[in-house]
Amino acid sequence: MVKKDKDMQTQEEIQPDDMVTISEGNRLYYKNLDLNQDFESIKFQLESFIELEKE
């Protein structure tokens with residue numbers, strides 16, 4: 001059984017946030033999101049992630 005605790009987060013020091021270029025120049029972005037917050041904060045995280053592609 002999985003413990004459901006609203007304060008439960010990974011305790012890993014390394015959080016995956018990066019971009020790799022794969023075949024034919026395609027870029028793959030991956031990012032760790034903190035979903036343990038209000039929707040506006042989650043929306044801000046997602047929008048800032050989208051801005052990475054525009055740079």
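Below, each value reflects all heavy atoms present in this structure, side chains not excepted, and no hydrogens, waters or symmetry copies.
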| request: Specify the closest pair of heavy atoms between Leu35 and Ile42, including all atoms of both residues, with the distance to one decimal. | output: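 It is O-CD1, 3.7 Å.
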Each residue besides Phe39 in its hydrophobic cluster should be listed here, by chain and number; the cluster joins Ile, Leu, Val, Met, Phe, Trp and Tyr at side-chain heavy-atom distances under 4.5 Å.
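Phe39 clusters with nothing; isolated.
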Who pairs with Asp38 by side-chain contact (heavy atoms from CB on, under 4.5 Å), at least two apart in sequence or on another chain?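 Applying side-chain contact (heavy atoms from CB on, under 4.5 Å) to Asp38 gives Glu40, Ser41.
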Show every donor-acceptor pair shorter than 3.5 Å between a side-chain atom in residues 43-50 and any protein atom, with sequence neighbours excluded, or say none if there are none.
from: Gln45; atom 1: OE1; to: Asp34; atom 2: N; distance (Å): 3.0
from: Gln45; atom 1: NE2; to: Asp34; atom 2: O; distance (Å): 2.9
from: Ser48; atom 1: OG; to: Phe44; atom 2: O; distance (Å): 3.3
from: Ser48; atom 1: OG; to: Gln45; atom 2: O; distance (Å): 2.8

key: Beyond-backbone contact of Asp17 with Tyr30, side-chain heavy atoms, under 4.5 angstrom   =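 Answer no - side chains too far apart.
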Just to verify, what does Asn26 make a side chain to side chain donor-acceptor pair (under 3.5 Å) with, not counting sequence neighbours?
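Side chain to side chain donor-acceptor pair (under 3.5 Å) check on Asn26 returns nothing, list empty.
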